[in-house]
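Numbers here are sequence positions counted from 1.
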Amino acid sequence: MRKCIRCGSKMRENCDIRVEGAGYGVILSSDEGKLFGGRLGKPKVAICPECGEVSVYLEDVKRLK
């Protein structure tokens, strides 16, 4: 469970990010020089239903190490 950093409410997790007008989505990468190298995964979003705060996070943080 994620708690909102602004108001402390329980956040709604596992939401997706979509880029309007494009079907590519968003991928986090650790190496800009490689086309597909260093991929860290697709970010997830948590949204606070009380104040609207948006938090972007990675589910699998093992790739960061």
Of all residues at least two apart in sequence or in a different chain, which pass the salt bridge (Lys or Arg N to Asp or Glu O under 4.0 Å) check with Glu59?
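Not a single residue meets the salt bridge (Lys or Arg N to Asp or Glu O under 4.0 Å) criterion with Glu59.
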
Heavy-atom pair with the smallest gap, counting every atom of Ile17 and Pro43:
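That closest heavy-atom pairing would be CD1-CG, 3.9 Å.
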
Between atom CZ of Arg2 and atom CZ of Arg12, what is the distance when rounded to the nearest 0.5 Å?
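Spacing of CZ (Arg2) from CZ (Arg12) equals 15.0 Å.
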
To the nearest 0.5 Å, tell me how far Asp60 CG sits from Lys44 NZ.
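Separation between the atoms: 12.0 Å.
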
Tell me which donor-acceptor pairs under 3.5 Å the side chains of residues 45-55 have, and how far apart each pair is, sequence neighbours excluded?
residue, atom, partner, partner atom, Å
Glu53, OE1, Arg6, NE, 2.6

